[in-house]
Amino acid sequence: MADDTLFLKIVRGEIDADVVYRDDLVTAFRDIHPQAPVHVLIVPNHVIATAADVSEADEATLGRLFTAARTVAAQEGLLDDGYRLIVNCKAHGGQEVDHLHVHLLGGEPLGPMRSRTRAESA
Ligand code: 5GP
C-alpha cells in the first residue's frame with residue numbers, strides 16, 4: 001500500500017539512508033547505487049506515486065523539490081559546473097520505486113541525456 005513505500009520508510013527514519021537535506025515537504029538522501037560522483041534522490045514527504053499522479057494540491061511540494069535540489073546542489077558544490085535532474089515515470093520511464101522522486105546527478109560531465117539515440121536503437 002502507498003504508506004509502505006521504501007522511500008516513505010526512509011523519510012520516517014525507519015530505514016537507514018544518508019540524508020543530506022530535510023524540510024517540512026521533502027527529504028533528500030544519497031542513492032544507494034550512485035550513477036555519478038553525486039547522486040541524490042529528492043522525494044516528497046508524502047506519497048505521490050508517479051509524475052502522472054500529481055495534482056494542483058501538490059504544487060507547493062513539487063516546487064520545493066526544485067528549490068531543495070538547488071540547495072543540495074549548492075551543498076555539493078555543483079552550482080558552477082551544473083547538474084542534471086531526472087524524474088522517471090512508470091514503466092517506459094524506467095521508474096522502479098512508486099514514490100515520486102527527483103534524481104540529482106553531478107560531479108562530472110554527464111554526457112548525452114540518453115545512452116542510445118532512437119536511430120541507434122532502430
Ligand atoms: P527509479 O528507477 O525509480 O527512478 O529510481 C529508484 C532509485 O532508488 C534507484 O536509483 C535506486 O538505486 C535507488 N534505491 C533503491 N533502493 C534504495 C534504498 O534502499 N536506498 C537508497 N538510498 N536508494 C535506493
Side-chain angles (χ1 to χ4, degrees):
M1 67 192 265
D3 280 354
D4 286 334
T5 74
L6 171 65
F7 290 168
L8 193 60
K9 290 178 179 174
I10 289 175
V11 168
R12 290 175 174 160
E14 296 165 7
I15 292 177
D16 283 342
D18 186 357
V19 174
V20 297
Y21 176 85
R22 187 195 302 276
D23 66 27
D24 58 323
L25 294 178
V26 305
T27 299
F29 49 91
R30 296 191 193 282
D31 196 291
I32 202 168
H33 297 304
Q35 304 297 312
V38 175
H39 187 174
V40 170
L41 302 173
I42 308 154
V43 311
N45 290 345
H46 71 283
V47 177
I48 303 168
T50 82
D53 296 298
V54 300
S55 70
E56 289 183 3
D58 297 316
E59 286 176 353
T61 299
L62 299 173
R64 187 70 61 82
L65 290 172
F66 270 79
T67 50
R70 197 266 183 204
T71 298
V72 173
Q75 288 175 187
E76 300 289 330
L78 302 179
L79 290 185
D80 286 345
D81 288 333
Y83 51 96
R84 179 172 291 161
L85 302 178
I86 298 172
V87 178
N88 295 323
C89 180
K90 296 191 172 180
H92 282 194
Q95 183 176 4
E96 296 173 359
V97 179
D98 284 344
H99 183 145
L100 177 67
H101 48 283
V102 175
H103 294 257
L104 187 162
L105 297 144
E108 65 182 11
L110 296 168
M113 190 172 67
R114 297 186 66 184
S115 57
R116 291 191 302 170
T117 65
R118 287 171 64 94
E120 287 168 345
S121 301

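Counting convention: from 1, in listed order, for ligands and their atoms alike.
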By chain and number, the residues contacting ligand 1 below 4.0 angstrom (heavy atoms only) are Leu6, Phe7, Ile10, Phe29, Arg30, Asp31, Ile32, His33, Leu41, Asn88, Gly94, Gln95, Glu96, Val97, His101, His103
Discussion item. For Glu56, I'd like to know if atom CD has over 12 heavy atoms of other residues, nucleotides or ligands within 6.0 Å.
Written reply: no
Quiz item: Okay, side chain of Asn45, backbone of Thr27: is any donor-acceptor separation there less than 3.5 Å?
Solution: yes
Return a table of donor-acceptor pairs under 3.5 angstrom between the side chains of residues 28-36 and protein atoms on other chains or two or more places apart.
{"unit_1": "Arg30", "atom_1": "NE", "unit_2": "Asp18", "atom_2": "OD2", "d": "3.1"}
{"unit_1": "Arg30", "atom_1": "NH1", "unit_2": "Glu76", "atom_2": "OE2", "d": "3.3"}
{"unit_1": "Arg30", "atom_1": "NH2", "unit_2": "Glu76", "atom_2": "OE2", "d": "2.8"}
{"unit_1": "Asp31", "atom_1": "OD1", "unit_2": "His33", "atom_2": "N", "d": "2.8"}
{"unit_1": "Asp31", "atom_1": "OD2", "unit_2": "His39", "atom_2": "NE2", "d": "3.4"}
{"unit_1": "Gln35", "atom_1": "NE2", "unit_2": "His33", "atom_2": "O", "d": "2.9"}

Note to self: Can you confirm whether more than 12 heavy atoms, excluding those of Asp24, are under 6.0 Å from its CG atom?
What the structure shows: yes
side-chain hydrogen bond (donor to acceptor under 3.5 Å, both in side chains) filter on Asp23, not counting sequence neighbours, yields Tyr21, Arg64
So salt bridge (Lys or Arg N to Asp or Glu O under 4.0 Å) across residues 80-95, not counting sequence neighbours, yields none
